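Encoded as structure tokens, the structure appears first; notes follow it.
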Amino acid sequence: MNKNKNEEEHIPFIIIDNCNKLAEKDPETLMLLQDLAKYWIDENLAQFIFVTSEGKAPNIMLGRGVASRMTNIKINELGHKINVFESDL
């Protein structure tokens, strides 16, 4: 794909919400998604956000080799009027 020098390439974010349900019902699929996310990130194809609460998902995800590439952000309860965003997305 040819791009003009002035065009910026934007990498999509893929958000996987409620990972705890997946960790409870099918932990192998959660691990597969984590492996695929690492590959896509390494190839600069996408960035991933895994959303979870306390429970099995953080333990499963942090206990694997691919976790070295993860950044954990703990966000306490947010009010309905609060938005969390990155200005340069």
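Just so it is clear, the model here is predicted, and its values are computed rather than measured. Note that these values count all heavy atoms, side chains included, but never hydrogens, waters or copies made by symmetry.
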### Message
Phe50 vs Ile15, test: side chain to side chain contact (heavy atoms under 4.5 Å, CB included). Steps then yes/no.
### Response
CA-CA 6 Å; Phe50 290 86; Ile15 300 171; over 6 Å; no
### side chain to side chain contact (heavy atoms under 4.5 Å, CB included) evaluation trace for Leu22 with Thr29
CA-CA 7 Å; Leu22 189 56; Thr29 299; 4.1 Å; yes
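Distance check, rounded to the nearest 0.5 Å: CD of Gln34 to CD1 of Ile16 gives 9.5 Å. With rounding to the nearest 0.5 Å, the separation of CG in Asp35 from CG in Leu33 is 9.0 Å. Separating the SG atom in Cys19 from the CD atom in Glu24 is a distance of 12.5 Å, to the nearest 0.5 Å.
The side chain to side chain contact (heavy atoms under 4.5 Å, CB included) search around Gln47 returns Ile11, Phe13, Ile41, not counting sequence neighbours. Applying the side chain to side chain contact (heavy atoms under 4.5 Å, CB included) rule to Ala23 yields the partners Leu30, Lys56, Ala57, Ile60; only residues at least two apart in sequence or on another chain are considered. With sequence neighbours left out, Asn59 forms a side-chain hydrogen bond (donor to acceptor under 3.5 Å, both in side chains) with no residue at all. Applying the side chain to side chain contact (heavy atoms under 4.5 Å, CB included) rule to Asp17 yields the partners Val51; only residues at least two apart in sequence or on another chain are considered.
Two residues are said to be in side-chain contact when any heavy atoms from C-beta on lie closer than 4.5 Å; Pro12 and Leu45 fail this criterion.
Here Leu36 is tied into one hydrophobic group with Leu32, each link being a pair of ILVMFWY side chains closer than 4.5 Å.
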